[in-house]
Amino acid sequence: MAPEVTVRIDPHVHSDGSYDGHEPVEMLLAQASDIGLDGVVVTDHDTIRESLRAAELAPEYGLVGIPGVEVSTAAGHLLAIGVTERPEPHRPLDETVAKVRDAGGVAIVPHPFQRTRHGVRRGRITDCDAIEVYNAWIFTGYRNRRAREFAARNDYPGVAASDAHSAKYIGRAYTELTIEATSKAALDSDRIVSALADGDAAVHGRRQPLHRSVQHYAMGAGRKVGHGVAASVASFTRL
């Protein structure tokens with residue numbers, strides 16, 4: 001039997017390069033290392049600069065460097081993991097998924113069905129590489145259960161992620177992968193990205209503290225309303 005190693009990855013975290021992140025990638029990497037993770041993917045909103053820097057710095061913290069971005073598609077948010085260039089935002093979901101794959105990455109739908117957080121609606125998910133079935137920022141467990149049931153029914157692999165916006169919440173949910181390798185030192189981004197799409201992953205997690213989830217939910221709802229008002233104003237001014 002070929003030797004195997006087990007790695008723990010948090011594939012959805014935000015740095016201060018994102019409009020809603022708070023801390024530099026160095027702090028995120030240090031925290032991930034301190035709590036025993038093997039890697040984190042910085043997935044800032046529609047910008048990949050800090051993620052590329054985090055991937056480059058990761059080995060200094062004993063972590064595998066994996067770049068990524070949370071890109072806004074016409075249907076909602078999509079995690080592009082393992083890419084080194086940001087896909088063009090606001091394009092159709094299926095087109096963006098194809099672009100991510102062409103770039104050697106995996107396309108994962110985060111927090112599905114959550115309209116206040118720009119989650120892709122159920123009927124719009126026709127192709128992806130995995131579904132985020134456990135997101136630590138979920139207000140109640142209901143949304144995670146729906147995501148898990150949808151993934152199982154449609155034969156999509158499931159992943160778990162903290163969706164942390166500050167270092168102290170990294171690792172509250174994570175994805176565990178078992179990969180053929182002689183040691184963790186033999187792993188690189190490509191091997192982990194491939195394993196994420198293979199579907200043989202275990203998900204682990206616990207929700208964020210309730211008061212933080214309430215605050216996060218309110219901020220997301222406020223942004224959703226703000227976007228709607230802005231769109232209405234823009235539409236009116238075109239008349």
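In this text, all values refer to a predicted model and were calculated from it rather than measured experimentally.
For the residue pair Gly123 and Thr126, the shortest heavy atom distance occurs at O-CG2, 4.2 Å. The shortest heavy-atom contact between Gly82 and Ser189 is CA-OG, 4.5 Å. Of all non-hydrogen atoms in Thr47 and Gly17, the two that sit nearest each other are CG2-O, 3.4 Å. In plain terms, the two heavy atoms of Ala103 and Val83 that are nearest each other are CB-CG1, 4.0 Å. In terms of heavy atoms, Glu50 sits closest to Ser15 at CB-OG, 3.5 Å. Counting all heavy atoms, side chain and backbone alike, Gly65 lies closest to Ala58 at CA-CB, 3.5 Å.
Cluster annotation: Tyr61 and Val40 are assigned to the same hydrophobic cluster (Ile/Leu/Val/Met/Phe/Trp/Tyr, side-chain heavy-atom contacts under 4.5 Å, transitive). Under a hydrophobic-cluster definition in which Ile, Leu, Val, Met, Phe, Trp and Tyr are linked whenever side-chain heavy atoms come within less than 4.5 Å, directly or via other members, Val71 and Val97 are assigned to the same cluster. Placement of Leu187 and Val41 within a single hydrophobic cluster is found when ILVMFWY residues are connected by side-chain heavy-atom separations under 4.5 Å, directly or transitively. Cluster annotation: Ile81 and Ile179 are assigned to the same hydrophobic cluster (Ile/Leu/Val/Met/Phe/Trp/Tyr, side-chain heavy-atom contacts under 4.5 Å, transitive). Residues Leu79 and Val64 share a hydrophobic cluster, clusters being chains of Ile/Leu/Val/Met/Phe/Trp/Tyr side chains in contact below 4.5 Å.
Within the structure, the salt bridge (Lys or Arg N to Asp or Glu O under 4.0 Å) test picks out no pair touching residues 64-86 (sequence neighbours left out). Within the structure, every pair that satisfies the salt bridge (Lys or Arg N to Asp or Glu O under 4.0 Å) test and touches residues 177-188, not counting sequence neighbours, is listed here: Asp38-Lys184.
Taking Arg121 as the reference, Arg115, Arg124 meet the side chain to side chain contact (heavy atoms under 4.5 Å, CB included) condition, with sequence neighbours excluded. Annotation: side chain to side chain donor-acceptor pair (under 3.5 Å) contacts of Ser194 (sequence neighbours excluded): none. With sequence neighbours excluded, the residues forming a side chain to side chain donor-acceptor pair (under 3.5 Å) with Glu95 are Arg91, listed by chain and number. Scanning for salt bridge (charged side-chain N to carboxylate O under 4.0 Å, His left out) contacts around Asp127 gives Arg101, with sequence neighbours left out. Every residue two or more places apart in sequence or in another chain was checked for a side chain to side chain donor-acceptor pair (under 3.5 Å) with Asp16, and none qualifies. Listed by chain and residue number, Arg53 satisfy the side chain to side chain donor-acceptor pair (under 3.5 Å) test with Glu26 (two or more places apart in sequence, or in another chain). With sequence neighbours excluded, the residues forming a side chain to side chain contact (heavy atoms under 4.5 Å, CB included) with Leu52 are Ile48, Pro67, Thr84, listed by chain and number. Taking the side chain to side chain contact (heavy atoms under 4.5 Å, CB included) definition, one finds that Asp34 meets it with nothing, sequence neighbours left out. Listed by chain and residue number, nothing satisfies the ring pair (Phe, Tyr, Trp, His ring centres under 6.0 Å) test with Tyr156 (two or more places apart in sequence, or in another chain). Not counting sequence neighbours, the partners of Ser18 by the side chain to side chain contact (heavy atoms under 4.5 Å, CB included) test are His14, Asp20, Asp44, His45.
Val100 is listed as a side-chain neighbour of Pro87, based on a closest heavy-atom distance under 4.5 Å. Proximity of His111 to Arg143: side-chain heavy atoms (C-beta onward) are nowhere separated by under 4.5 Å. In this structure, Ile192 and Leu177 have side chains that are in contact, with non-hydrogen atoms separated by less than 4.5 Å. Inter-residue side-chain proximity for Ile170 and Ile35 is flagged as met; some heavy-atom pair is nearer than 4.5 Å.
In this structure, CD on Glu60 lies 11.5 Å from OG on Ser33, to the nearest 0.5 angstrom. To the nearest 0.5 angstrom, Thr6 atom OG1 is 5.5 Å from Glu176 atom CD. Between Ile66 atom CD1 and Asp190 atom CG the span is 10.0 Å, to the nearest 0.5 Å. To the nearest 0.5 Å, atoms CG (Leu29) and CG (Leu57) are separated by 6.5 Å. To the nearest 0.5 Å, atoms CG (Leu28) and NE2 (His22) are separated by 11.0 Å. Between Leu78 atom CG and Cys128 atom SG the span is 8.0 Å, to the nearest 0.5 Å.
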Dump the intermediate steps for side-chain contact (heavy atoms from CB on, under 4.5 Å) on Val133 and Asn144, then the final yes or no.
-> CA-CA 5 Å; Val133 299; Asn144 281 333; over 6 Å; no
Under the side-chain contact (heavy atoms from CB on, under 4.5 Å) criterion, do Tyr174 and Ile9 qualify, and how do the steps go?
-> CA-CA 6 Å; Tyr174 63 89; Ile9 305 295; over 6 Å; no
I would like to know whether Arg117 and Asn135 meet side-chain contact (heavy atoms from CB on, under 4.5 Å); could you show each step before the answer?
-> CA-CA 12 Å; Arg117 299 177 66 198; Asn135 180 293; 3.5 Å; yes
Applying side-chain contact (heavy atoms from CB on, under 4.5 Å), run through Thr175 and Arg8 and close with a yes or a no.
-> CA-CA 6 Å; Thr175 300; Arg8 302 193 304 166; over 6 Å; no
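With hydrogens and angles disregarded, no donor-acceptor distance shorter than 3.5 Å links the side chain of Ser51 to the backbone of Thr43. A donor-acceptor pair under 3.5 Å is absent between the side-chain atoms of Glu23 and the main chain of Ser166, judged by distance alone. Side-chain N or O atoms of Asp10 include one that pairs as donor or acceptor with a backbone N or O of Ser162 at under 3.5 Å. Of the possible polar contacts, none joining the Asp129 side chain to the Ala197 backbone as a donor-acceptor pair under 3.5 Å is found.
Of the N and O atoms on the side chains of Glu132 and His12, at least one donor lies less than 3.5 Å from an acceptor on the other residue.
In this structure, the ring of His77 has its center less than 6.0 angstrom from the ring center of His118.
For the side-chain contact (heavy atoms from CB on, under 4.5 Å) with Ile131, the lone residue among Ile108, Val159, Ile125 that qualifies is Ile125.
Other residues, nucleotides and ligands contribute more than 12 heavy atoms inside 6.0 Å of the CD atom of Glu4. For Asp155, the CG atom is loosely surrounded, since the number of other residues' heavy atoms within 6.0 Å does not exceed 12.
Ring planes of Trp137 and Tyr169: perpendicular class, angle over 60° (limits at 30 and 60°).
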